[in-house]
Amino acid sequence: MILFIKLLLAHLLGDFIWQPNSWVTDKESKKHKSIYLYLHILLHGVLAAILAGEIRFIPYAFLIAFTHGIIDLIKLHFQNRKTKRTWFVVDQIAHVLVLIGVVLLYENKGIIYFWQNNEFWILITGILLITKPTSIFIKTIISIWAPESQNSHQDNSLIAAGNYIGILERLFVFGFILTGHFEAIGFLLAAKSIFRFGDLKEAKDRKLTEYVLIGTLISFGIAILAGIVVQAVLLLP
């Protein structure tokens, strides 16, 4: 685990802290012809080797540098102004997956390590449950109380913002339960209530207020229940 943390730190240093904006601009302009692309690749390899702190890890550091360069080249050649954000996310996920793969390879665990790890499957199932499936469940349940005054064309909020906010808040609550920080759930609920209060006060719609409150309580309730159940299952012998 500590090796992955070190490699992740090397990635953060190489991709964000020690990569000037001028390098990024030059890479996006010249792509594979940019000298800064190769300096960037070299930096990642050196950082990985240094932070790993073991001579026998050097070949794996070269592997990290090589794959980092391939991933970056793919992103540079396929991204455009409209897809830049998407490619940024894909790029970062790919880099992290490579780091996980290198750690498993170095420690001779292989992919079978996750496949046979019961805790991994329990956590993944719990996390997946409180994302989109729960959003659909909540939407279906409270749809019978949907205020007639709701009009998506007059709504100035971000597209699907409510759905993403709900997923994020449930993930936070799930994490708080597993780490034993129940008090943080109250803080999160209070913070959301404060931000929502202004909007609901301006709307002057009691039905809308009750609709939002029901959705929020169901969302928090499912996240708390999922966290407690997952925690209990993890403690089973």
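A pairwise comparison of heavy atoms in Leu7 and Ala48 identifies CD2-CB, 4.0 Å as the closest pair. Scanning all heavy atoms of the two residues, the minimum distance from Leu129 to Ala226 falls at CD2-CB, 4.4 Å. Across Ala61 and Gly45, no two heavy atoms sit closer than the pair CB-O, 3.5 Å. Residues Tyr211 and Trp145 come closest through the heavy atom pair CD1-O, 3.5 Å. The two atoms that bring Gln19 and Gly14 nearest to each other are CB-O, 3.5 Å, heavy atoms only.
Checking each of Ile2, Leu8, Leu9 against Lys6 for a side-chain contact (heavy atoms from CB on, under 4.5 Å) leaves exactly one that passes, namely Ile2. Screening Lys33, Lys75, Arg81, Lys84 against Glu28 for a salt bridge (charged side-chain N to carboxylate O under 4.0 Å, His left out) leaves a single residue, Lys84.
Counting only distance, with no hydrogens or angles, the side chain of Arg170 and the backbone of Ala223 share no donor-acceptor pair below 3.5 Å. Remark: side-chain polar atoms of Thr67 are paired, donor with acceptor, to backbone N or O of Ile64 under 3.5 angstrom. Here the side chain of Ser34 pairs no donor or acceptor atom with the backbone of Lys30 at under 3.5 angstrom. Formation of a donor-acceptor pair under 3.5 Å by the Ser135 side chain with backbone atoms of Thr131 is found in this model. Formation of a donor-acceptor pair under 3.5 Å by the Thr83 side chain with backbone atoms of Asn80 is found in this model.
Environment of NZ in Lys31: crowded, with over 12 heavy atoms of neighbouring residues, nucleotides or ligands closer than 6.0 Å. Counting heavy-atom neighbours within 6.0 Å of Phe78 CZ, excluding the residue itself, gives a total of 12 or less. Atom OH of Tyr36 sits in a sparse spot, with 12 or fewer heavy atoms from other residues, nucleotides or ligands closer than 6.0 Å. Applying the 6.0 Å contact sphere to CG of Leu236 captures more than 12 heavy atoms from other residues, nucleotides or ligands.
Under the 4.5 Å side-chain heavy-atom criterion for Ile, Leu, Val, Met, Phe, Trp and Tyr, Ile58 and Leu63 are members of distinct hydrophobic clusters. The hydrophobic cluster containing Tyr60 also contains Ile71, counting ILVMFWY residues as joined when their side-chain heavy atoms lie under 4.5 angstrom apart, directly or transitively. No path of Ile, Leu, Val, Met, Phe, Trp and Tyr side chains, each step under 4.5 Å between heavy atoms, connects Phe16 with Val24, placing them in separate hydrophobic clusters. The hydrophobic clustering, which links ILVMFWY residues whose side-chain heavy atoms are closer than 4.5 Å, places Ile35 and Ile70 apart. By the rule that hydrophobic residues join a cluster once side-chain heavy atoms approach within less than 4.5 Å of another member, Ile124 and Val229 end up as members of separate clusters.
Between the CD1 atom of Ile165 and the OG1 atom of Thr216 there is a distance of 10.0 Å, given to the nearest 0.5 Å. Taking CD1 from Ile127 and CD1 from Ile122, the interatomic distance works out to 12.0 Å, rounded to the nearest 0.5 Å. Once rounded to the nearest 0.5 Å, the distance linking CZ of Phe137 with CD1 of Ile130 reads 14.5 Å. The distance from atom CD1 of Ile185 to atom CZ of Phe182, rounded to the nearest 0.5 Å, is 6.0 Å. For the atom pair His40 NE2 and Leu37 CG, the distance stands at 7.5 Å (nearest 0.5 Å). With rounding to the nearest 0.5 angstrom, the OG1 atom of Thr125 is 8.0 Å from the CH2 atom of Trp121.
Residues Ile50 and Val46 have side chains in contact (heavy-atom distance under 4.5 Å, counting atoms from C-beta outward). Considering only heavy atoms from C-beta on, Tyr38 comes within 4.5 Å of His32 through its side chain. At a threshold of 4.5 Å between non-hydrogen side-chain atoms, the residues Val173 and Leu189 do not count as touching. Proximity of Phe220 to Leu188: side-chain heavy atoms (C-beta onward) are separated by under 4.5 Å at one or more points.
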Decide yes or no on side-chain contact (heavy atoms from CB on, under 4.5 Å) for Ile177 and Val230, but give the supporting numbers first.
CA-CA 9 Å; Ile177 293 291; Val230 167; over 6 Å; no
Apply side-chain contact (heavy atoms from CB on, under 4.5 Å) to Leu43 and Leu39, showing your working.
CA-CA 6 Å; Leu43 177 62; Leu39 288 176; over 6 Å; no
Please step through side-chain contact (heavy atoms from CB on, under 4.5 Å) for the pair Arg85 and Gln79, ending with a clear verdict.
CA-CA 9 Å; Arg85 292 183 182 84; Gln79 73 176 7; over 6 Å; no
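Between Tyr106 and Phe57, the ring-plane angle classifies as perpendicular under the 30° and 60° cut-offs. Ring pair Phe172/Phe176 is parallel by interplanar angle, where below 30° counts as parallel and above 60° as perpendicular.
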Side-chain polar contacts of residues 92-105 - donor-acceptor pairs under 3.5 angstrom, sequence neighbours left out - could you list them?
from  : atom 1 : to    : atom 2 : distance (Å)
Gln92 : OE1    : His11 : NE2    : 2.7
Gln92 : NE2    : Asp15 : OD2    : 3.0
His95 : ND1    : His68 : ND1    : 3.3
His95 : NE2    : Asp72 : OD1    : 3.1
His95 : NE2    : Asp91 : OD1    : 3.0
His95 : NE2    : Asp91 : OD2    : 3.3

